[in-house]
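Heads up, the thing below is written out as structure tokens.
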Amino acid sequence: MDQAVGLGFAALDLARATGSQLIVNELERLDPWAATPAIAELAAEVTHLR
């Protein structure tokens, strides 16, 4: 789980650097797991990019 979250944050950094909405759209698919502690912070960050 930690590795997946780490990759998610790396993708989020890439989305910020490139302005890629595609990456944000894919990360939004994590919403069903937003209550999971390991994913909650990542999901919140994705929400800020919407």
Side-chain angles (χ1 to χ4, degrees):
M1 179 69 70
D2 291 336
Q3 187 177 21
V5 172
L7 289 172
F9 274 109
L12 186 61
D13 288 342
L14 183 60
R16 286 181 176 137
T18 63
S20 174
Q21 188 61 41
L22 177 64
I23 295 169
V24 174
N25 292 346
E26 289 300 310
L27 288 172
E28 285 176 345
R29 296 172 68 179
L30 295 173
D31 280 346
W33 295 280
T36 304
I39 296 177
E41 184 181 352
L42 177 58
E45 290 292 322
V46 170
T47 299
H48 290 283
L49 289 180
R50 290 183 195 163

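In this structure, CG on L27 lies 9.5 Å from CG on L22, to the nearest 0.5 angstrom. Note that OG1 of T18 and CG of D13 are 10.5 Å apart. Values are rounded to the nearest 0.5 Å.
Note on L14: it clusters hydrophobically with V5, by side-chain heavy-atom contacts below 4.5 Å among ILVMFWY residues. Hydrophobic clustering places M1 together with L30 (ILVMFWY residues linked when any side-chain heavy atoms are closer than 4.5 Å, directly or through intermediates).
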Return all side-chain donor-acceptor pairs below 3.5 angstrom for residues 37-49, not counting sequence neighbours, or 'none' if the list is empty.
| from | atom 1 | to | atom 2 | distance (Å) |
| --- | --- | --- | --- | --- |
| E45 | OE1 | R16 | NH2 | 2.5 |
| T47 | OG1 | A43 | O | 3.0 |

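Here E26 pairs with R29 under the side chain to side chain contact (heavy atoms under 4.5 Å, CB included) rule; sequence neighbours left out. In terms of the side chain to side chain donor-acceptor pair (under 3.5 Å) criterion, residue partners of D31 (sequence neighbours excluded) are, by chain and number, R50.
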